[in-house]
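Contents: one structure, followed by commentary.
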Amino acid sequence: MVENERVRDGEENKIADTEEYIRILISDTGAEIPPDIINSIFEPYFTTKKIGDGKGLGLAVVHGIVESYGGTIEVESRDGRGTNSIIFLPETENTLSQKENNFKIIPKGNERILLVDDEPVIAQLGDLILSALGYRVTSMTDSMEALEVFQQNPYDFDLVITDMMMPGMSGEKLSHQISLVREDLPIIICSGYGPNSSVDDTTRGNRKSYLNKPYSKSEIADKIRKVLDR
């Protein structure tokens, strides 16, 4: 269940930065989130799933997007009553009036991008962001299948964006296989674990670049244009 409404300043004690907020309430009837982990659910890479079932980046990305717009998220969970996730976002007019002097134009394009991330929510979110920027996106969650799609039509893509840590075939290996077919194709390798020797070796190639996760819309947009235009 999703609801939204305006909240006047002072009605919620955790949001007193502007006069009005839009409140979005998302409710479910599932099991309670244990009290000992509820404060950790938005931390990057925190997950209760088994290894290989997910990276724990979905909620961290959502939290980062909400905060980037000056909002916040509150979570309430009770046994037998499910969980309420409450998103507070400042009204657009207030946000624009406060930030109009710092407005930044985000670069766009119309190139064809192969996006690979084994976390479905990240792949879906990336597809939405890049499509909104004008790019023609093919998003996939299986690196082996992504390689097959690329090998069938290697000149259908102008850029590949891949996650580094993936089961079956890592982003590093996928990048190598793609470069064997098209050495000229630009590749952006994304990782949330920070630069290391493996990443550095991968990104030394002539057409390869590195981007830290989680990334903002402006960061990925700038990186894409930098890689494609050089």
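Residues: numbered from 1 along the sequence shown.
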Within-4.5 Å side-chain heavy-atom neighbours: Ile189 and Glu172: no
Ser143 side chain reached by Thr162 side chain, heavy atoms, under 4.5 Å: no
Cluster overlap Met140 with Met144, hydrophobic side-chain contacts below 4.5 Å: yes
Contacts of Asn153 that satisfy side chain to side chain donor-acceptor pair (under 3.5 Å) - sequence neighbours left out: none
Residues forming a side-chain contact (heavy atoms from CB on, under 4.5 Å) with Thr83, sequence neighbours excluded: Asp28, Ile33, Val75, Ser77, Ser85
Spacing of CG belonging to Asp118 relative to OG belonging to Ser170, to within rounding of 0.5 Å: 11.0 Å
Short side-chain to backbone donor-acceptor contact, Ser179 and Ser175, under 3.5 Å: yes
Verify same cluster id: Val181, Leu174 (apolar side-chain graph, 4.5 Å): yes
Counterpart residues, side-chain contact (heavy atoms from CB on, under 4.5 Å), relative to Gln177 (two or more places apart): Leu147, Met169, Leu180
Contact check, side chains of Phe88 and Glu74, non-hydrogen atoms, under 4.5 Å: yes
Please report, to 0.1 Å, the donor-acceptor pairs under 3.5 Å made by any side chain of residues 105-116, with sequence neighbours excluded.
{"unit_1": "Glu111", "atom_1": "OE1", "unit_2": "Arg225", "atom_2": "NH1", "d": "3.0"}
{"unit_1": "Glu111", "atom_1": "OE2", "unit_2": "Arg225", "atom_2": "NH1", "d": "3.4"}
{"unit_1": "Glu111", "atom_1": "OE2", "unit_2": "Arg225", "atom_2": "NH2", "d": "3.2"}
{"unit_1": "Arg112", "atom_1": "NE", "unit_2": "Asp156", "atom_2": "O", "d": "3.2"}
{"unit_1": "Arg112", "atom_1": "NE", "unit_2": "Asp158", "atom_2": "OD2", "d": "3.1"}
{"unit_1": "Arg112", "atom_1": "NH1", "unit_2": "Tyr155", "atom_2": "O", "d": "3.4"}
{"unit_1": "Arg112", "atom_1": "NH2", "unit_2": "Tyr155", "atom_2": "O", "d": "3.3"}
{"unit_1": "Arg112", "atom_1": "NH2", "unit_2": "Asp158", "atom_2": "OD1", "d": "3.2"}

Side chain proximity check, Ile224 to Leu159, heavy atoms < 4.5 angstrom: yes
Test item: Leu133 and Lys217 side chains (from C-beta on) under 4.5 Å apart, heavy atoms: yes
Gap separating the CD1 atom of Ile87 from the CD1 atom of Ile73, nearest 0.5 angstrom: 5.0 Å
Nearest heavy-atom neighbours spanning Lys213 and Ile122: NZ-CG2, 4.2 Å
Closest contact, heavy atoms only, Arg182 versus Phe157: NH1-O, 2.9 Å
Non-hydrogen atoms of Gly71 and Leu89 that approach each other most closely: CA-CD2, 4.3 Å
Leu211: partners by side-chain contact (heavy atoms from CB on, under 4.5 Å), with sequence neighbours left out: Ile188, Cys190, Tyr215, Ile220, Lys223
By side chain to side chain donor-acceptor pair (under 3.5 Å) - contacts of Ser131 (at least two apart): Asp127
